[in-house]
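The model shown is predicted, which means the values in this text are computed figures rather than measured ones. Throughout, protein chains are lettered first and strands after them, A, B, ... in sequence-line order, and every chain is numbered starting at 1.
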Number of protein chains: 2
Amino acid sequence: MLSQSVEYALRAVVFLARAGEPRTTAQVAEATQVPAPYLSKVLQGLARAGIVRSQRGVGGGMTLVPKPDKLTILDVVNAVDPLQRIESCPLGLREHGVKLCALHRRLDNAMKSVEDAFRNSTLADVLADPNPSVPLGSLADSAE
Amino acid sequence: MLSQSVEYALRAVVFLARAGEPRTTAQVAEATQVPAPYLSKVLQGLARAGIVRSQRGVGGGMTLVPKPDKLTILDVVNAVDPLQRIESCPLGLREHGVKLCALHRRLDNAMKSVEDAFRNSTLADVLADPNPSVPLGSLADSAE
DNA sequence: CTCAAACAGGACACCGTAGTCCAATTTAGC
DNA sequence: GCTAAATTGGACTACGGTGTCCTGTTTGAG
């Protein structure tokens, strides 16, 4: 349902948020268990979207740009692989314009519920979540 | 988010439900604006799942098997392209077993909301929906 | 029995996503 | 200014989803 790239991007962003300091692609890759060369591409996308900032050279790496309470899961998803609502009837008939048929209105409502859920989850929410099993959390300091 | 195949399958099922009688793949394809050879494959999948019954030879075609009020959108989706919940942590760490981390619990909740919405929409609901713009509805009798 | 209608199934082409690899470029520190 | 660290970008492969085509098989009707 969600692409691999989105999954990787979210893991990376959570990791970078916990770090608070620049981390190299290699460090992020190891901590989040993602193939480093591919993660590199995903992070480039996040950089283009302004979600992370990249710094080359010694001591460089990737840093999260927005404050965690200002960055939502939806922001990350849309930066990597925008989730598309059903705007108009997928059939050729554009006479129906804005209004959707019974079927596609239901499908779009499901999309909307996902969108809303993602918009209402900030990175800060995720970080603050008290959960006994915290895979990404336990890895946060692995690069220290 | 949802695959083309799912979209095609749902259009076909709605059309067949309205028809109530066998319709050939060609008829379904034209009414739902789907490439016929590909729709053929999708319908084969629905047949294997028991959602439609196929009859060869003259006067044959595809017929919807379940009563529309017993068939949900979720049934169709799962027959074609099962939407997968996040069961366990996608990271290598299976020590966490059932419990999901804060991030993946949120992602899975979004999946669950979609699943629930689809499970609560029967074909009968879709058919009965009074909507001024009814693309698929207006096509229901095009094969008569 | 024969023929035409209709589905079944396999082979193939196309394209986007996932993933790898390597050369080029920027940059901090000695 | 040289070197090592680090990102950037392009080229490449692999694979699955989408879509086409063609042959075979079933089946009803004359």
Look at all strands and tell whether [X] reaches a base, only sugar-phosphate, or nothing, counting heavy atoms closer than 4.0 Å.
X        : result
Pro35(A) : sugar-phosphate
Ser40(A) : base
Gln44(B) : base

Can you sort out the partners of [X] under side-chain hydrogen bond (donor to acceptor under 3.5 Å, both in side chains), two or more places apart, ordered by chain and number?
X         : answer
Arg53(A)  : none
Lys70(A)  : none
Thr122(A) : Asp125(A)

Qualifying residues under side-chain contact (heavy atoms from CB on, under 4.5 Å), relative to [X], sequence neighbours excluded:
X         : answer
Ala49(B)  : Ile51(B), Ala79(B)
Asp108(B) : Arg85(B), Ile86(B), Leu100(B), Met111(B)
Ser5(B)   : Ser3(B), Tyr38(B), Val42(B), Val80(B)
Ala36(A)  : Ala29(A)

Problem set entry | Positional range of nucleotides in DNA chain D within the contact set of chain B, heavy-atom, under 4.0 Å |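 With heavy atoms of chain B under 4.0 Å away, the range is dT18(D) to dG28(D).
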Exercise. What about Val14(A) and Val65(A), same hydrophobic cluster or not, with Ile/Leu/Val/Met/Phe/Trp/Tyr joined at side-chain heavy-atom distances under 4.5 Å?
Worked result: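 Hydrophobic grouping puts Val14(A) apart from Val65(A).
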Problem set entry | Heavy-atom contact window of chain A on DNA chain C, given 5' to 3' at under 4.0 Å |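 Endpoints of the contacted stretch of DNA chain C: dA18(C) to dA28(C).
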Problem set entry | Counterpart residues, salt bridge (charged side-chain N to carboxylate O under 4.0 Å, His left out), relative to Glu7(B) (two or more places apart) |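 By the salt bridge (charged side-chain N to carboxylate O under 4.0 Å, His left out) rule, Glu7(B) matches Arg11(B).
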Exercise. What pairs with Arg119(B) under salt bridge (charged side-chain N to carboxylate O under 4.0 Å, His left out), at least two apart in sequence or on another chain?
Worked result: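 Residues passing salt bridge (charged side-chain N to carboxylate O under 4.0 Å, His left out) with Arg119(B): Glu115(B), Asp116(B).
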Problem set entry | First encountered from the 5' end of DNA chain C, between Val6(A) and Thr24(B) |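 Between the two, 5'-proximity favours Thr24(B).
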Exercise. Relative to the 5' end of DNA chain C, which residue comes earlier, Thr25(B) or Gly59(A), by the nucleotide with the nearest heavy atom?
Worked result: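 Mapping each residue to its closest nucleotide by heavy atoms, the 5'-most match is Thr25(B).
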Problem set entry | Heavy-atom pair of closest approach, residues Leu103(B) and Val126(A) |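 Residues Leu103(B) and Val126(A), closest heavy atoms: N-CG1, 3.8 Å.
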For this session: Please work out which residues in residues 48-58 of chain B have a non-hydrogen atom less than 4.0 Å from an atom of DNA chain D and list them by number.
Result: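 Nucleic-acid contacts, sorted: Gln55(B), Arg56(B), Gly57(B), Val58(B).
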